[in-house]
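Order of the sequence lines fixes the chain letters, A, B, ..., with proteins taken first and strands second; residue numbering starts at 1 for each chain.
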Amino acid sequence: MTQTISRIPFRAQPSVIPGFGLTLGLTVFWLSLIVLVPLSSLFLKSATLGWDAFWAAISTPRVVHALRVSFSTAAIAAGINTVFGLIVAWVLVRYRFPGRRIVDALVDIPFALPTAIAGIALTTLWAENGWLGALLAPFGIKVAFTPAGIVIALIFIGLPFVVRTVQPVLEDFEREAEDAAESLGANPWQVFTKVIWPSIMPATLTGMALAFARALGEYGSVIFIAGNLPMKSEIAPLLIVIKLEEFAYAEATAIAVTMLIASFILLLCINILQRWAERRERRR
Amino acid sequence: MNALFSIAADQRREIVSARRKTGRAALIAIALAFLGLFVVLPLLLVFLQAFAHGWEAYVEALTEPDAVSAIQLTLITAVISVPLNMVFGLVASWAITKFEFRGKSFLITLIDLPFSVSPVISGLVFVLMFGLQGWLGPWLRDNDLQIIFAVPGIVLATVFVTFPFVARELIPIMQEQGTLEEEAAFTLNASGLQTFWYVTLPNVKWALLYGVLLCNARAMGEFGAVSVVSGHVRGLTNTMPLHVEILYNEYNFVAAFAVASLLAMLAIITLALKTLLEWKLSRDRAPDSAPAGD
Amino acid sequence: MRIDVKNLTRVFGDFYALRDVDLSVKSGELVALLGPSGSGKTTLLRIIAGLDWADSGDIQFNGVSTSGRPVGDRQVGFVFQHYALFRHMTVYENVAFGLRVRPRQQRLPEPVIRERVNRLLQLVQIDWLADRMPAQLSGGQRQRVALARALAIEPSVLLLDEPFGALDAKVRKELRRWLRRLHEQLGMTSVFVTHDQEEALELADRVVVMNKGRIEQIDTPAQLYDTPATPFVSGFLGDNNALDCHVAAGSVLLPGIDTTALERVEVPNGPARLYARPHDIAVVPDAEGEATIRFVSTVGAFVRLEAELPDGRIVELTRTREEQNEDPLAIGVRVGLRLYRAQVFAA
């Protein structure tokens, strides 16, 4: 019980629970093998390119356009998902109606359904001769095989994020605060904007960022419905695949690194958001 | 004056509650319409298309040799990658939740990394490592080993994309349960393994099962990453989602949706079990409901 | 089993949870570790059990250092504050756990285990709950299961962390009495942690008062109450009037109170702090008295009063009901106060 215990330097405290070295060692080893080393190969590859080659690879009109399509459709889809996700979360938390549990389970379908399946189903639905496409065709509106189709697919795959991040916060929200606001004469709109929104805003933004990040990298559901016309409805992930098929590894890597950096920045934003929300929570 | 006032208040309350009812109905309608349009309709379509030419065509599409080999490959991939990630998830959450150490939250972020990487990039990194032009490509070729455009590549990419699922489910619940029960077991002279097996594992079994289910659904359904590393050799390196793609691009819609319906069923079953497990989980999480007094 | 704690220090960051703690617990003794939260009492208990580590110092069982001996090896029964019952096991399985996880060659045959578990459940009077799950039990019942589980491995030391902390007042009293009897019956060395002084004073052979990681005093309950050794113990244990006073040549000067009956105090001249129990101050009606009654409560066995000194300070007093009946004191009455016993510490 004297100083005989060897302290592992970065352990904050020793513990009676065994297996620290073993489990942490295995975790780090396996994580490195499966995730870190492969991911770092991407950066190593791009480092061998040199800045000029890198820039040349991502500044061609086709790549720029693909990136623009990816970012803009992901942003639109995330926006739509935020509005409707809030409504769905609200309805699931606040209202009791028959079939609520089933509706709740349905929200997760986009997580569980393979993206390729979603892709062919959505394409068949929104194609000109599909159930929904046929309704729009007389008005001259084309969805499938246009950027609008991409947005449809991205709405599908990003749908659960806002719902699932806002739902728990809304469940924890104290109803008494709402009642209090109402008793002080606030109308329902004021109650929402002044009392409820401030406390669910961080979760909403987190959900939106998650949906955006997911949409940015999405491939499976989009390639069927997009039509994939270069300079029109071609997304960046698809361009990576095309470059790979042409054995243009360098260009594929450059596009991938650009997208990866974008999603890391997003991840960082989400982390900052969550920390900010936690701090706010603690202050209360 | 007083009576007047209260009548006005009553009326106001009635108006408010009437407005509230319409608001409620409208919001429910919007939510249901949104989900119906984007979730239910596509799901329904999969099954309707699958059976568009009747039961026989459906069965034929699933028993055709290429479909069978795609189903087999998908099962093999899941059978390898799910247990690997399950063991990893248990080990990682033990290290993360039972000990305090520096860099813990950074480690969690790293474990979550595959979630935020595009599936296409997940495939690409393995091509860069093991492909012919990759770092290990020449060595692999000289030793007559093939990883990319073969089964090992598919398994690797699948392990990568499903990497965080089990750990993600386990970490919050193990964090919540703390280490007291384990400490109690140690004072009773249980060994580390006994404690894990008899105390820790039973406490997290539903969360573990839930994580494994999600991991499995993703492992069987992964498209982007697998597509990049597979090489699309029919009957050889095609998983079910890849097979669906090929059939669809050949305008063989009935067969495509037939195979798709299997994966859609998997998703539905996974979610049904998930709903059941969540109910069990909520029971696990709140075991110390208010004691009834002595 | 005799426990010796020697020079124990435990630091969390720059916070001293324990600082040079020395303590000896005799075989068969029932000792309470008493102190406010953050005083280090739970840390000390956990280090004795082997659930935590000291930065320096040693713990000896029967004169042998426990250094490097894992928890399970120490023959220590530990009862956790919130019981830490295995929530997925029945009461019976919880109690049997310690017997079932023994290495194969030492494991008792199942009938023997069953016999012993049933005997233990009878001992803690919950044999009828054997098949229940922990979630279905009340707090007091969980407490008994935790105790039976700890006793199952036949420990030579029993350690209890706030054993009654989570129970309501009535159950607490009952269990307290029962634990005392159990201790006498089993004769095991026992140490328990509590922040409830009533519990410590009523239950323990000796009480260890702790504050800020140090031991303030170790004594029997009666000695602790009558002769607190430090200002902290005086203020912490029982009702006490804390008054600033002046000491000159061994006698206490306290305006408004007659201190001539006090023994000579061994405190240097100058400002000092005096602690006096309400029942050690006599109160007599005196129209010329310097104190004034400000509050009277006649609920309970004793009458509680508060008197105001000329400088505005309030002193708590007690009288018997008889005294109050014979010679009632009402609010506003002037009284004289006479101090018979007090603890005085240099300021």
Hey, is the main chain of B/V204 close enough, under 3.5 Å, to the side chain of C/H88 for a donor-acceptor pair?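 Pair absent, no side-chain N/O of C/H88 close to backbone of B/V204.
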Against chain B, label [X] side chain, backbone, both or neither, depending on which of its atoms sit under 4.5 Å from a heavy atom there.
X     : value
C/F97 : side chain
C/L85 : backbone
C/M89 : side chain

Based on non-hydrogen pairs under 4.5 Å, which of C/K170, C/Q75, C/M133, C/R46 is most in contact with chain B?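 Highest number of heavy-atom pairs under 4.5 Å: C/R46.
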About how many Å separate CG of B/N189 and CD of C/Q106, when rounded to the nearest 0.5 Å?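 Taking CD in C/Q106 and CG in B/N189, the distance rounds to 8.0 Å.
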Distance (rounded to the nearest 0.5 Å) between B/L180 CG and C/L51 CG: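 Interatomic distance, B/L180 CG to C/L51 CG, rounded to 0.5 Å: 9.5 Å.
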Check each of C/V76, C/V95, C/I153 against B/L188 using the side-chain contact (heavy atoms from CB on, under 4.5 Å) test, and report the only one that passes.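 The single option meeting the side-chain contact (heavy atoms from CB on, under 4.5 Å) with B/L188 is C/I153.
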So C/R87 and B/Q177, do their side chains get closer than 4.5 Å, heavy atoms only?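 A side-chain contact under 4.5 Å exists here.
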Counting only heavy atoms not in [X] (residues, nucleotides, ligands), do more than 12 fall under 6.0 Å from its [atom1]?
X      : atom1 : result
B/Y198 : OH    : no
B/L193 : CG    : no
C/K173 : NZ    : no
C/Y16  : OH    : no

Would you name the heavy atoms of C/A84 and B/E181 that are closest together and state the gap between them?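 What the structure gives for the nearest pair is O-CG, 3.9 Å.
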